[in-house]
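Notes to accompany the following structure.
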Amino acid sequence: MSLININPTQTKAWKHLTAHYKEIKEVHMKSLFLADKGRKEKMSLEFEAISLDFSKNRITKETLDHLLALAGECKLDDAIEKYFGGDIINATENRAVLHTALRNTDKKPIMVDGQDIVPEVHQTLDKIKVFSDQLISGAFKGFSGKKITDVVNIGIGGSDLGPNMVVDGLHYYKNHLKTHFVSNIDGDHVAEVLKELDPETTLFVIVSKTFTTQETLTNANTIKKWFLQAATEEDIKHNFVAVSTNLDMVKAFGIAEENIFTMWNWVGGRYSLWSAVGLSISLAIGFENFRKFLDGANAMDRHFRNADFRNNIPVILALISIWYNNFFKTESEVVIPYTQYLQKLAPFLQQLSMESNGKSVDRDGNKIAYQTGNIIWGNTGTNVQHAFMQLVHQGTKLIPVDFIGFESSLHGNADHHQKLMANFYAQAEALFAGKTEEEVHLDMKFKGDEEKISTLLPFKVFEGNRPSNAILIKKLDPRSLGSLIAVYEHKTFVQGVLWNIYSFDQFGVELGKELANKLLVN
Ligand code: F6P
């Protein structure tokens, strides 16, 4: 069964939220903190290594009550059960959505089209493990008998962004193999990657769910030609593997059957890093770490499925985001991890959220009259403080922020980490509290800048009342990163359910592809 069609704007909760917004829109968060000393504790949640402080949002208990009522009226509980249960919730493509099954250790059957998918998931994981062990140990050799030193992931979109972000994100846990990513059809991209490589010691992982994607096939063919300058067709089996649902096309490319890692239609591209699409992750950090990464996501799945909505991290994040998007009419959200390792988190989240929820037709096929998907952007702190944060602090737009910080660093460097985290907390505080005219006045006077007060004062005022979530994680490791990504996957899901859209198709990417192909033919 698919998801129920409920127009959120026709619910009682939406009407209450509309009225409530008028009461709250001018309220400063400072007054909310003053009125309730326990606000921070009441608006904090914890699950394993992750804690969420959502107290610096323009919400009250009443706001949350209305938002939770909206989730109730939109039958979020029913949607979650259908999501995990393998119902055809991707109705426009007639598919189940089961990336959660990829990380489930439970052997309980999950049926898709009358077949239990769990054994296949475990078989593929076993294959990933065996292959990773062989490649890392050097037992799997290239065509000339030399050990593999470099791995190149050839893929785009979901077949690139997830593995690319995680391989970078978990660089600290990385082994001796060098990992490269080729995604863009820009020939300079592939040329730059190839120039560093030796065909004898490189493994190419072609990742394409459909094995029809123009960018991936063009890059794979260019690489094959380059490889064949040094080797023969027969040698392809030693240096090429593929991840795909399209086994015929993979074989036609020349890849040996034993080098094919299957995936399934019930895994969406942008949710596929938990499948064999994550092979380059497992090769980079070892299967044991890859398993921990899956386990972290699985733990978050259980939290999401079982915790009541008021204490549910992905649900709360989704509801707050809807509050800003649909009532404050914000257009974007910025995600700022305070670790250089997560430099590629924003592009990954852009695909996850914007390809999922960038829709303007509801589940009944009607044009939508309210806002759906947010624009997601971001980069790492503290770099962003010297780049776009000016606009977030003093610009005309309201931009909710997710700050993501880590209690400890990986290499020690206590002095750096203390400074990094001081900035993490300071940014949230500055956005929240701002700096009033009186404070600027006093400050300038104190600094001996009295004569400049009349000209500079307005420029130095910060309104404050700018919202942020603080996601604090004990340490960046495979498990916590797995959990964090699952938080954002489920947040995206909840938003799609409440906006009454289909989050798991992506027809919006097709027209451009068609037109590019026509231009090539003409
Ligand atoms: O951009 C559209 C898209 O279909 C994404 O959803 C997907 O992740 C990407 O292309 C790559 O697709 P494939 O894995 O089939 O090559």
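A quick note: this is a predicted structure, and the numbers were derived from the prediction, not measured. Start at 1 and go down the list; that is how both ligands and their atoms are numbered. Just so you know, residue 1 is the first one in the sequence shown, and it goes up from there.
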Parallel, tilted or perpendicular: ring planes of [X] versus [Y], cut at 30 and 60 degrees:
| X | Y | value |
| --- | --- | --- |
| Phe131 | Phe140 | perpendicular |
| Phe327 | Trp14 | tilted |
| Phe493 | Phe504 | tilted |
| Phe253 | Phe211 | perpendicular |

Could you list the donor-acceptor pairs under 3.5 angstrom formed between side-chain atoms of residues 278-300 and any protein atom two or more places apart in sequence or on another chain?
unit_1, atom_1, unit_2, atom_2, d
Ser280, OG, Asn153, OD1, 3.2
Ser282, OG, Ser132, OG, 2.7
Asn289, ND2, Ile285, O, 2.9
Arg291, NE, Asp295, OD1, 3.0
Arg291, NH2, Arg103, O, 3.3
Arg291, NH2, Asp295, OD1, 3.0
Asn298, OD1, Arg302, NE, 3.4
Asn298, OD1, Arg302, NH2, 3.3

One line per pair, note the atom names and distance for all nitrogen or oxygen contacts under 3.5 Å between ligand 1 and the protein.
unit_1, atom_1, unit_2, atom_2, d
ligand 1, 1 (O), Glu355, OE2, 3.4
ligand 1, 6 (O), Glu355, OE1, 2.7
ligand 1, 8 (O), Gly158, N, 2.7
ligand 1, 8 (O), Gln351, NE2, 3.2
ligand 1, 14 (O), Ser159, OG, 2.7
ligand 1, 14 (O), Lys209, N, 2.8
ligand 1, 15 (O), Lys209, N, 3.4
ligand 1, 15 (O), Thr210, N, 2.9
ligand 1, 15 (O), Thr210, OG1, 2.6
ligand 1, 15 (O), Thr213, OG1, 3.4
ligand 1, 16 (O), Ser208, OG, 2.6
ligand 1, 16 (O), Thr213, OG1, 2.5

* Donor-acceptor side-chain pairing of Asn326 and Trp499 below 3.5 angstrom -> yes

